[in-house]
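Lettering of chains follows the sequences in order, A, B, ..., and the numbering in each one begins at 1.
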2 protein chains.
Amino acid sequence: MRITEMHVTPIAVGDPPLLNAAGLHAPYALRTIIELVTDTGITGLGEVPGSADTTAALKAAAEIIIGHDPFQLNAIQQALFNRFGAGREKRGEAPWDRRRLVHVFSAIEVACFDIMGKATGRPVCDLLGGRVRDRVDFSAYLFYKVEGAGGELGFGVDPRATGWAAARQRAALDPAGIVAQAQAMCREFGFKSLKLKGGVFPPDQEVAAIHALREAFGPNTPLRLDPNAIWTVDTAIAAGRQMEGVLEYYEDPVRGQEAMAAVRKAVRLPMATNMCTTSFEDLPGSVRLGSEDIILSDHHFWGGLRASVELARICRTFGRGLSMHSNSHIGISLAAMTHLAAAVPNLTYACDTHYPWQSEEVIVGGRLTFEDGALAAPTGPGLGIELDRAALATLHQNYLRCGLSRRDDEIEMQKVQPGWRFQATRW
Amino acid sequence: MRITEMHVTPIAVGDPPLLNAAGLHAPYALRTIIELVTDTGITGLGEVPGSADTTAALKAAAEIIIGHDPFQLNAIQQALFNRFGAGREKRGEAPWDRRRLVHVFSAIEVACFDIMGKATGRPVCDLLGGRVRDRVDFSAYLFYKVEGAGGELGFGVDPRATGWAAARQRAALDPAGIVAQAQAMCREFGFKSLKLKGGVFPPDQEVAAIHALREAFGPNTPLRLDPNAIWTVDTAIAAGRQMEGVLEYYEDPVRGQEAMAAVRKAVRLPMATNMCTTSFEDLPGSVRLGSEDIILSDHHFWGGLRASVELARICRTFGRGLSMHSNSHIGISLAAMTHLAAAVPNLTYACDTHYPWQSEEVIVGGRLTFEDGALAAPTGPGLGIELDRAALATLHQNYLRCGLSRRDDEIEMQKVQPGWRFQATRW
């Protein structure tokens, strides 16, 4: 079996104006969809965070990929590294940094797993060791936001919307707004864990939001706060102490492994990261410093599904818990995340997902459906999804029309707060 | 697809009287062969170091295994741990220690991979990430030995034997004997790396043997020495310094991670282990102490092929090289070792194998053939081997007749040196 075609399609998906430490989400989130086609007529799908650079890198990778057997993942990875590897003087024609190489391989690897699953009649999770759970829990990913629906509506709202579709258009700028958002999201999707994206308002206000959530949802609903590393160590310690016994985990309050380790020593809360330990190269430092208790995996950035299973083994071996990170995404990524989570014994935390914030889809049958905050572990061959080509074409038109070429939350923020600047450490 | 039968067959394979730190090999090496049969008529094979205890444990595991889908390795492992797990009070009916559980799972996992490969028409290495090399190099595993052929002949010799079959009957008790053994073995198999099992004679004699090998084979033939941890730190440092620039790696001269780390600091030689870091539980200590440079994997003891791939990732991540350990074995283990080595990018050392010391086989077509010291990475479905039932029956009769129920090199040694006792630290 050989890969004979590789199609790379940048798309833009409507995304509401969500606030975070880096600024504000643009009305569209960029994703790149890849399709690998084999000489046996099988198509494999992948989805990654999009940008003009990522799309260009994937297109450049295509000529390396074509002709390969999709089972030969090691050979595909080696071929990519040989051609584009950074730090190999004169060897790579277009040297990329190592993280981009890993990112590009991640996209391709998922599509190869989709093909392998379809070729063998097996769900992808069965090729990763098999299911350890029948349902994969996700968490409600709460955001401070300004009013607006995103997409073509930008900061406008669709007055005909009802239920969650209406709720997600509303502003949420204080504890009451966050609680209302959480209640609407949980009503719609049934999530049992809550994660608040912080780093937006002064720490006391965000701590107050966590306490408001605790008040509203009670002690049996796990809560997480993620200030995206813009707090000082002192601020993080002071805020953290106010949330001891309240947070399930405290995610990246500060930047870097040393700072995380300092907060971890001072605060009786499990610390989690997807910012200070984000690659295999970071793990020796993590072990040496003790920078976190829980690592948030993300197959888009760690090198694919198999690498994520290997990360899970490292977490088990070195006493780290495992959770899962998410960017804005649609169903191909969600399916891949679900297969991975279904197959990893120690992925015991509800996974993050931005999925409720998007309303479009590129898969046949439309949006995947959560039940009680969970997705059923897929049982069909491959990822278990099919591409809706008309939907893909629509979202590609979105991409061409929206004019965005990379995510820049700072520029978007400046549209609502002129002169606003990102600060790596704000409070 | 479901597993409907599991057959567990203890066998005894003729083994010459090889000397090592623990004593002397008995005339037979014990192995246990497992066969899993599915409702689709596929048979998967596994082979592990044998003993009455291992055979009993595998037979007890059979009732857990039957009914499982061989792709569901996580579920199979969990079921075994739930039933037999140690440290779970009253939960397991027959609590085993953790190492035995891992060992039993390792045996079953390989047979499941054989089935998965056959069911999908893919060699096992393709299910582990795919081939990274077309040929897998093995090393010449040299032993001090007394005269004798092993098997029915015991310490007797077959005067009709020629070539390597004659050479392997000869005693090798000094540097000249080891050099002659190495030359005969390399002539027969084409090995390009030499490993001497030490821990038998006073250290100076073994250092002399290494220098004699260097003299005879030149500086381009990698040399290894493995005293099986019976030297003191001082002895190991003194001996190691005499082999700086000569050994490719220095394997387990001393016992335990602390002692290994002390030797490693004092001697400019890469240090290797299959004694102080032998399970995932040992890895945090290895990283903390810096006990070795190279870990010898062994899928029979680390939890199977997938776990070994995960170990390889840990080695890459934490700056360890990777090689492969061997016990006395026949072709099922050799095939599994070759698939694993073919699929692991950083397994850059020639693998150990005892295979040249055995002459029997249970696979159709007989003994696997080395070319230039290597085996071709298999390309057929599964492990790529079939069981020769008549040969299996013969070796099972060997087992019943020989009366051995577990390996005990001390007792065998006492037959040639009355009163000999194993000492954990001898020199």
Side-chain angles (χ1 to χ4, degrees), chain A residues 1 68-79 81 109 112-113 116-117 119-134 277 279-288 302-320 342-346, chain B residues 1 68-79 81 109 112-113 116-117 119-134 277 279-288 302-320 342-346:
Chain A
M1 183 163 57
H68 275 276
D69 173 351
F71 278 82
Q72 302 299 332
L73 294 170
N74 288 325
I76 289 171
Q77 186 165 37
Q78 195 55 58
F81 277 55
E109 193 237 29
C112 287
F113 263 105
M116 286 189 269
T120 60
R122 286 284 174 167
V124 168
C125 56
D126 282 13
L127 306 180
L128 299 171
R131 265 194 287 172
V132 291
R133 46 185 67 86
D134 294 327
T277 304
S279 73
F280 289 98
E281 288 76 14
D282 295 327
L283 287 164
S286 158
V287 169
R288 193 172 61 248
W302 279 85
L305 300 172
R306 192 188 303 271
S308 300
V309 170
E310 293 167 2
L311 169 64
R313 170 70 81 168
I314 293 178
C315 287
R316 255 188 345 265
T317 301
F318 290 92
R320 299 288 184 279
V344 171
N346 53 325
Chain B
M1 184 163 55
H68 275 277
D69 173 351
F71 278 81
Q72 303 298 332
L73 293 171
N74 288 324
I76 289 171
Q77 185 165 37
Q78 196 57 59
F81 276 56
E109 193 236 29
C112 287
F113 263 105
M116 287 190 268
T120 61
R122 287 283 174 167
V124 167
C125 56
D126 282 13
L127 305 179
L128 300 171
R131 263 194 288 173
V132 292
R133 46 186 67 87
D134 294 327
T277 304
S279 74
F280 289 98
E281 289 75 15
D282 294 327
L283 286 163
S286 158
V287 168
R288 192 173 63 249
W302 279 85
L305 300 173
R306 192 188 303 271
S308 299
V309 169
E310 293 168 2
L311 169 64
R313 169 70 81 169
I314 293 178
C315 286
R316 254 185 349 265
T317 300
F318 290 93
R320 298 289 185 279
V344 171
N346 52 326

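Heavy atoms closer than 4.5 Å to chain B are found nowhere in Ala119(A), neither backbone nor side chain. With a 4.5 angstrom heavy-atom cutoff, Pro345(A) touches chain B only via side-chain atoms.
Of the residues considered (Ile76(B), Leu283(B), Val309(B), Val132(B)), Leu283(B) shows the highest number of contacts with chain A, using heavy-atom pairs under 4.5 Å. Listed options Arg122(B), Gln72(B), Glu109(B) were ranked by heavy-atom pairs under 4.5 angstrom with chain A; first place goes to Arg122(B). Taking Leu73(B), Leu311(B), Thr120(B), Thr317(B) one by one and counting their heavy-atom pairs under 4.5 Å with chain A, the maximum is reached by Thr317(B).
The nearest pair of heavy atoms linking Arg306(A) to Leu127(B) is NH1-O, 3.6 Å. Residues Asn74(A) and Leu128(B) share a closest heavy-atom pair of ND2-O, 4.1 Å.
Under the 6.0 Å distance and 45° angle rule, Arg316(A) does not count as a cation-pi partner of Phe280(B).
Between Arg131(B) and Asp69(A) there is no salt bridge, since no side-chain N of the basic residue sits under 4.0 Å from a carboxylate O of the acidic one.
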